[in-house]
Q: 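Let me begin by handing over the structure; questions about it come next.
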Amino acid sequence: MDSTVGEELGVGCFFSFRTTLGEEFEGQIITYDRPTNIVLIQKGAWKPGGRRNVRFLKTTYIKDLTFLRRGDDPLDSKKCFLDLAGLQAREEAALRQAEIEAERIGVGVTGEAQNIIDALSKTLPVRWDKTAIVVMDEVRVNNPYFPENVNGGTPAANERVKKVLELERRRLQARSSA
């Protein structure tokens, strides 16, 4: 499609698109950015308060388009709905997850120690306490992070940590010898 395609793309209109890669879909034009030659398309049906399935498409990838019908302005501020409570909940969840992940990054520890805590974190809650790994807030694994350096916690928790630690050590050793 030529560079004047942007002139044909009316905001709010519904089109059937066929790309140069053979993909076919229908959607409503949300906006067109002339400097980058990119069109933002809302695919499928959308209900007020629902999520939008949008796609950025460089107009040079549009092989063919067919006008289907005119629609309302998709960016009409009177019809747009922002679920602020939902957005705040997602933000808080993302921050909590970032804090959890940050607790798993060791400061002043070896790459091997970081690999061990990363492996333990796949199945158990872990965090660093300086250079000691704390598992389930009760079991401690001290440097040099061998099963004999595991202490604290219930006997069952202690054994589980030792087992995971042994398996991870074997995996690391196999990877380094290969």
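Computed from a predicted model, the values in this text were never measured in an experiment.
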Q: What is the minimum heavy-atom distance between N142 and A132, and which atoms define it?
A: OD1-CB, 3.4 Å
Q: Is any NZ, NE, NH1 or NH2 atom of the basic residue among R170 and E166 found under 4.0 Å from an Asp or Glu carboxylate oxygen of the other?
A: yes
Q: Between V135 and L120, which heavy-atom pair has the shortest distance, and what is it?
A: CG2-CD1, 4.3 Å
Q: How long is the straight-line distance from CD1 of I41 back to OG1 of T31, given to the nearest 0.5 Å?
A: 11.5 Å
Q: Determine the minimum heavy-atom distance between V139 and G152, stating which atoms define it.
A: CG2-O, 3.8 Å
Q: Taking the side chain from R55 and the backbone from G27, do they hold a donor-acceptor pair closer than 3.5 Å?
A: no
Q: State, yes or no, whether a side-chain contact exists between T19 and E24 at a heavy-atom distance under 4.5 Å.
A: no
Q: Does a side-chain heavy-atom distance below 4.5 Å link P144 with N149?
A: yes
Q: Side chains of R140 and I133, heavy atoms from C-beta outward: is any pair under 4.5 Å?
A: no
Q: Would you say that R169 contacts F146 through its side chain, given a criterion of any heavy-atom pair below 4.5 Å between the two side chains?
A: yes
Q: Ignoring hydrogens and geometry, is there a side-chain-to-backbone donor-acceptor pair from W128 to R104 under 3.5 Å?
A: yes
Q: In the structure I gave you, are the side-chain heavy atoms of Y32 and T59 within less than 4.5 Å of one another anywhere?
A: yes
Q: Could you measure the distance from the CZ atom of F15 to the CG atom of D64? Nearest 0.5 Å is fine.
A: 11.0 Å
Q: Once rounded to the nearest 0.5 Å, what's the spacing between atom CG of D118 and atom CD1 of I116?
A: 10.0 Å
Q: Is it the case that Q97 and E101 place a side-chain donor and acceptor less than 3.5 Å from each other?
A: yes
Q: Do N158 and E138 have side chains that get closer than 4.5 Å, going by heavy atoms?
A: no
Q: Nearest 0.5 Å please: distance from the CG atom of L167 over to the CG atom of L172.
A: 11.0 Å
Q: Could you tell me whether the side chain of L124 reaches within less than 4.5 Å of the side chain of R160, counting heavy atoms only?
A: yes
Q: I'd like to know if the side chain of T131 and the backbone of V109 have a donor-acceptor N/O pair within less than 3.5 Å.
A: no
Q: Would you sort out whether R171 and E168 count as a salt bridge (charged side-chain N to carboxylate O under 4.0 Å, His left out), showing the intermediate values?
A: CA-CA 5 Å; R171 191 180 68 78; E168 181 55 21; 2.6 Å; yes
Q: Cation-pi check for F14 against R70: NZ or CZ below 6.0 Å from the six-membered ring centre and within 45 degrees of the axis, yes or no?
A: no
Q: If you measure only the distance, is there a donor-acceptor pair under 3.5 Å linking the side chains of T36 and D33?
A: yes
Q: Does a side-chain heavy-atom distance below 4.5 Å link V54 with K43?
A: no
Q: Can you tell me if Q28 uses its side chain to pair, donor with acceptor, with the backbone of G71 under 3.5 Å?
A: no
Q: Going from CG on N143 to OG1 on T110, what distance comes out if it is rounded to the nearest 0.5 angstrom?
A: 7.0 Å
Q: Measure the spacing between NZ of K163 and OG1 of T123 and express it to the nearest 0.5 Å.
A: 11.0 Å
Q: Please say yes or no: joined through hydrophobic side-chain contacts below 4.5 Å, possibly via intermediate residues, are Y145 and I117 part of one cluster?
A: yes
Q: When you group the ILVMFWY residues by side-chain heavy-atom contacts below 4.5 Å and let the links chain together, are F67 and L65 in the same group?
A: yes
Q: Give me the atom names and distance for the closest heavy-atom approach of A157 to M136.
A: CB-CE, 3.4 Å
Q: Give a yes or no answer on whether the side chain of N53 reaches the backbone of Q42 with a donor-acceptor pair at less than 3.5 Å.
A: no
Q: My understanding is that only residues two or more places apart in sequence, or in another chain, count here; which of them pass ring-ring contact (aromatic ring centres under 6.0 Å, His included) with F25?
A: F17
Q: Would the distance check show the side chain of K58 and the main-chain N or O of V39 forming a donor-acceptor pair, the cut-off being under 3.5 Å?
A: no
